[in-house]
Every structure is written in structure tokens, then in C-alpha cells.
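Below is one structure, written out as C-alpha cells, with a few remarks after it.
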Amino acid sequence: MIKGIRGAPDILPEESGKWQALEIVARDVLDRYGYSEIRTPAFERTELFVRGIGEGTDIVEKEMYTFEDRGGESLTLRPEATASLMRAYVEHSLGAKSSLVKLYLIGPMFRHERPQSGRFRQFHQVDVEAVGSPGPAVDAEVVALLHHLLEAWGLRGIQLHLNSIGDPACRPAYRQAFVAYAEARRSALCPDCHVRLTKNPLRILDCKVPSCQQVAAGAPTISAYLCEPCRDHFAAVRSMLDGLKIEHAVNERLVRGLDYYTRTTFEFLNTALGSQNAVAGGGRYDGLVEELGGPPTPAIGFAIGEERILASLEAQQTPPESPTYTGVYVATAGAEAFPTALDLVQTLRRRGLRAALDLEGRSLKGQMRQANKDRYRYSVILGSDELARGQATLKDMLSGEQRAIPLSEVVEHLTRLPEREQA
RNA sequence: GUGAGCGUAGCUCAAAUGGUCAGAGCACUGGACUGUGGCUCCAGGGGUUGAGGGUUCGAGUCCCUCCGUUCACCCCA
């Protein structure tokens, strides 16, 4: 048996409905906020991610699915959406059409990590980006949008963590101060953090090792080092969120792992989820577009992990769907009724009804069982008796009542009956 | 990449110290109900016990290797 790829699960028929429901809500809410969908390819030149995400990041260093195409060019399956989206933004000069461009992208991302609960090698994100404005109002609206989305999905108990990590004017000073502080306490740090010290020192703030946390607790905080503009920006974002009654906690340890972030960073956490508990995360990245060869363009965005949203909904036992009885199952007694049944079913389908019949020559009993299992609201029984009299038997699968009606009126009759009924 | 746990029918699981141990429930198909679902009862199909090797008179049960899977670390959605 040829098996699927580890960490790239199939979404089976019984669960695809949940995904559809999730994405319908997302598209609806995004549309209300004025966002347009963009679809970019699932792969890009490797260079795009190396430059966009950052040479030293874990994603680029060890998690990318990279391969050479037949022309010898290095390509990579997208590990995240922002870089692709910004590439398209620059390539097609989307900024020329309006000063603030609002885009979203839904699709699979690929990262070569060891799978575990809430983490996959192919996973799905709803990625949202607002490009073109540096103002704090955009930050606030973007966070409010995400908050709105989670609410629309029915998620409960999600915490919002917020931080500002400064900009090129002030972050270097902080970084320097932090490194000096950490360097002095090197002996207390775990081996991983020794590596971080040179590669990505701020990540030490995130480390879970107790001794490192102690070091982190006494470390200089970013807030003390923010420059005037960054401080004002952050304060403005916070006060707008307060005005919108969106609860948030400032988490100075929230240092995101991608190089391109500036100023505002945020994460929505669900502590009910276990180890991989970030349900969505994002931030501002005012330098990325320029880094990719475009004009200096401020932007902010976030990504939502669809698997983690679904897991959260499972965890709180509110699956997105409830079974309904709809449509018509046409059962036949005797092979001679089949042509009539087939024709009837096709007609019903053209009239917009969900309709089916047995294609395997099963017994009437078997057909009725199928009708019940597939949640059909009505069944129509066609047999030699009915055909001889020019009639059909119409049965209500919920009440069990049945009666004979003229064959010629079946379609009309069924299209007038209530279409959807709760179980 | 590192560590730990687990791998028996489609699914969830049984099978005491190795000796009728290859089973049950659900699901599926058929029947009881001679043309009818959801309840009940009966029957049937389906497994080289993840793969390969070893120990033994004998292994699902012990040992080794590999593979898969789960959770955790790392990191992130």
C-alpha cells in the first residue's frame, strides 16, 4: 500500500464539511472588512523566502521543502503566505491602485517539522494582510478583525497577547542591552540559549527552561527602549483596542520568530490546546516590501491556523455542523422501475433538490436503509404496482407517513415541500 | 534533528506468567418483516496480529532491526 506523506493528513469526506463551514465564515467576515482574496502559487523561488523570512530563522534553516526544478532552479513550497503575497503585491504594483490594499489568502503551507498535536507538515492558514498604511488604526482594525473572526467561529476562552518589538531606530539598542545582560549570565542559560545568544538573542525570552526564565524575568524590557514614535504607536493601538472593548495582555516576551516584524506583534492563544497553542499570530512588517525590492511600504498582517481553530472547536465540543435531513431518495422495487426512477432523480436535481437512487441493484430494504443513513428527508417508492397505476408512493422519512400521489405530480409536489428539516 | 509511548479486522479494543488466541462491539451485506429505513434478533464477508530476522517443541505475547504513529523538546499556525 502506498501511504500518504507523514504530517500531511487527508481531510476525509466526513470532515470536509467542517472545513467548508470554517472557510465560508472566514470569507464572509473578511468581505465585510473590505478584504479581497488573492491566490498565489504554492511554490516560489527559494530566494523569496530566504530574503523575506530571514536567513537565520528556523523556517529557512531547517524547515523548508526545497527542491530543484528541471532547469536547475531552486524552488520551495511556501512555508508561510506573507512573502508570496508581498511578492505578488510588488510584481503587479497593487499599491498603485489604492494606498491601502487589503488582501487575504487561504490555502496549504508546508514545513518540514516533526509532526505533533496541532502541528503538521502540510497545514492550512487563513492569511490576512493590510498593505500601505503605517498608522496605528490599521493595527487596531486588523486585530479587531481577527477577534471578530474567532468570535464568528464560536471560539471561547482565547487570549490576546500584544507587544511592540520596536523598529530599526530603537530595536538595535535594546538588542544590544539585552545581549549584554544575557552574556553576563551565560552560565545560567541552557545550551539552546547559548546558540540563541548569537543567532537570535531575543528568543531567549521565550525559552521554557526554568533557569532561562529566571534570567529572562530580570532582563531589560523592550518597552523601556522603544523610541518615541514606536511608543506612541503602541499606545495608540492599545487605546483603540480598549475603545473596542477588546481585552488584551501586553506580553513583553512575545518575540516572533520571523525577521520581518516591526512594532506591533500579537498572538491569540488557546490554553485548552496543549503544547501548540497559538491559534493565530501576526504583526507589523514595515520593512519587508522594501527588502523584496519594492518601494518602502508599511504593512501588517496575521495568519490563522485552520487545524488549530478546528481543534479548538472540538475541544470545546461545538462542532461546526449539525445533521439535517434534506432531499429525496428514490427507491425502486423491481428493475423495471429503474428507468423511471433515474429520470425522476435527474429532474429533481435540475430543480435544485438533493436527490439520489440506488445504483447497485440493492433490495428495497437496503435502499430504504441507505435513504435513512444519508439523511434524506423524503423517499419516493416506485414499483410495478405504482407504475401500473401511474402513481408513486411518497414517504416522509421523519414521520414515517406515506401516501400515493400521481406520478405526473411528484416533481411539483416535492419542490413545494419544506426543503430542510432539523433531525 | 532529539526523547518517550504505542502498533491485533474499516473503527474502538480483548486474548494471565510464551501453549486452540486469532476474538468482541461498532460499521458493512443479507435475512426474520413474501415491496419499505430508524428499534430488536440471527447469519455472513473481512485479519500473512506494521515489516523482516532471531530465541523456542511452540510467539500477537520475549530479543534485534526497520517502518509507521502519538506526545513532548526545538519552533510555530
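Lettering of chains follows the sequences in order, A, B, ..., and the numbering in each one begins at 1. Basis for what follows: all heavy atoms, side chains included, without hydrogens, waters or symmetry-related copies.
In this structure, B:rG35 forms no base pair with any nucleotide, since neither Watson-Crick nor G-U wobble geometry is met with both distances under 3.5 Å. With both pairing distances under 3.5 Å, B:rU17 is matched to nothing as a Watson-Crick or G-U wobble pair. Of the nucleotides present, none pairs with B:rG58 by Watson-Crick or G-U wobble criteria with both distances under 3.5 Å. Base pairing of B:rC28 is made with B:rG44, judged by Watson-Crick or G-U wobble geometry with both donor-acceptor distances under 3.5 Å. Taking a pair to require two hydrogen-bonding distances under 3.5 Å in either a Watson-Crick or a G-U wobble arrangement, B:rG68 pairs with B:rC6. In this structure, B:rG1 forms a base pair with B:rC73, meeting either the Watson-Crick or the G-U wobble geometry with both donor-acceptor distances under 3.5 Å.
Contact annotation: A:Q116 side-chain N/O to B:rC71 OP1/OP2 distance is not under 4.0 Å. One finds a side-chain N or O of A:R6 lying less than 4.0 angstrom from the OP1 or OP2 phosphate oxygen of B:rU69.
For the 3.5 Å distance criterion, the side chains of A:Y285 and A:E129 qualify, holding a donor opposite an acceptor. The closest side-chain donor-acceptor pair between A:T66 and A:T76 falls under 3.5 angstrom.
Annotation: B:rA51 and B:rG38 have their P atoms spaced 38 Å apart (nearest Å). Spacing of C1' atoms, B:rA16 relative to B:rC75, comes out at 45 Å, to the nearest Å. Between B:rC11 and B:rG5, the distance separating the two P atoms is 24 Å to the nearest Å. Comparing B:rU34 with B:rA24, their P atoms are spaced 29 Å from each other, to the whole Å. Remark: the separation of the P atoms in B:rG50 and B:rU8 is 6 Å, to the nearest Å. Rounded to whole Å, the separation between the C1' atoms of B:rG45 and B:rA4 comes to 40 Å. Of the P atoms belonging to B:rC62 and B:rC6, the separation is 10 Å, rounded to the nearest Å. Atom P of B:rG53 sits at a distance of 13 Å from the matching atom of B:rU49, rounded to the whole Å.
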For this session: Using a 4.0 Å heavy-atom cut-off, write out nucleotides 41-51 of chain B from 5' to 3' as B (base contacted by protein), S (sugar-phosphate only) or - (no contact).
Result: -----------

Exercise. In the 5'-to-3' direction, what one-character label does each nucleotide of nucleotides 30-40 of chain B receive under the scheme B = base within less than 4.0 Å of a protein heavy atom, S = sugar-phosphate only, - = no such atom?
Worked result: SS---BBBB--

For this session: Start with the C-alpha distance between A:L269 and A:I158, add both sets of side-chain angles, then the distance that settles side chain to side chain contact (heavy atoms under 4.5 Å, CB included), and finish with yes or no.
Result: CA-CA 6 Å; A:L269 305 175; A:I158 308 292; 5.9 Å; no

Exercise. Is there a ring-ring contact (aromatic ring centres under 6.0 Å, His included) between A:Y33 and A:H148 once you walk through the steps?
Worked result: CA-CA 10 Å; A:Y33 281 77; A:H148 186 162; 5.5 Å; yes

Problem set entry | Derivation of the salt bridge (Lys or Arg N to Asp or Glu O under 4.0 Å) call for A:R284 and A:D167 | CA-CA 10 Å; A:R284 182 167 274 286; A:D167 66 10; over 6 Å; no

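A:A280 comes within 4.0 angstrom of sugar-phosphate atoms only, judged by non-hydrogen atoms across all strands, and of no base. Counting non-hydrogen atoms under 4.0 angstrom, A:G118 reaches a base of the nucleic acid. Backbone-only engagement by A:V279 is indicated by non-hydrogen atom pairs under 4.0 Å involving sugar-phosphate atoms exclusively.
One atom, CG of A:D358, and another, C1' of B:rU29, lie 13 Å apart when rounded to the nearest Å. Here the P atom of nucleotide B:rA77 and the OH atom of A:Y104 are 21 Å apart, to the nearest Å. Remark: C1' of B:rA77 and CD of A:Q122 are 13 Å apart, rounded to the nearest angstrom. Rounded to whole Å, atom C1' of B:rC28 lies 17 Å from atom CD of A:Q367. One can place CG of A:L149 at 17 Å from P of B:rA77, the figure rounded to the nearest angstrom. Atom-to-atom, CZ of A:R196 to P of B:rC74 comes out at 7 Å; the value is rounded to the nearest Å. Taking atom CZ of A:F266 as the reference point, atom P of B:rA77 lies 11 Å away to the nearest angstrom. Following rounding to the nearest Å, A:R121 (CZ) and B:rC76 (P) show an atom-to-atom distance of 17 Å.
A distance of 10.0 Å separates CZ in A:R349 from CG in A:L344, rounded to the nearest 0.5 Å. Remark: A:L145 CG to A:K102 NZ distance equals 8.5 Å, nearest 0.5 Å. Taken to the nearest 0.5 Å, the CD1 atom of A:I59 stands 7.5 Å off from the CD atom of A:E113. Between A:F49 atom CZ and A:F43 atom CZ the span is 10.5 Å, to the nearest 0.5 Å.
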If you restrict it to nitrogen or oxygen atoms, what contacts under 3.5 Å exist between nucleotides 1-12 of chain B and the protein, and what is each distance?
from, atom 1, to, atom 2, distance (Å)
B:rU2, O4, A:R114, NH1, 2.5

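Classification of the A:F266-A:F268 ring pair by plane angle, with boundaries at 30° and 60°, yields perpendicular.
Inter-residue side-chain proximity for A:T297 and A:E290 is flagged as unmet; no heavy-atom pair is nearer than 4.5 Å.
Taking A:R156 as the reference, nothing meets the salt bridge (Lys or Arg N to Asp or Glu O under 4.0 Å) condition, with sequence neighbours excluded. In this view, A:H147 satisfies the side chain to side chain donor-acceptor pair (under 3.5 Å) rule with no residue, not counting sequence neighbours.
Nearer to the 5' terminus of RNA chain B, by closest-nucleotide assignment, is the contact made by A:G7 (compared with the other of A:Q125 and A:G7).
For residues 74-83 of chain A, no residue pair satisfies the salt bridge (Lys or Arg N to Asp or Glu O under 4.0 Å) rule, not counting sequence neighbours.
Among the nucleotides B:rC76, B:rC75, B:rC71, the one closest to any side-chain atom of A:D58 is B:rC75.
Remark: the A:R308 side chain and the B:rC76 base include a donor-acceptor N/O pair separated by less than 3.5 Å.
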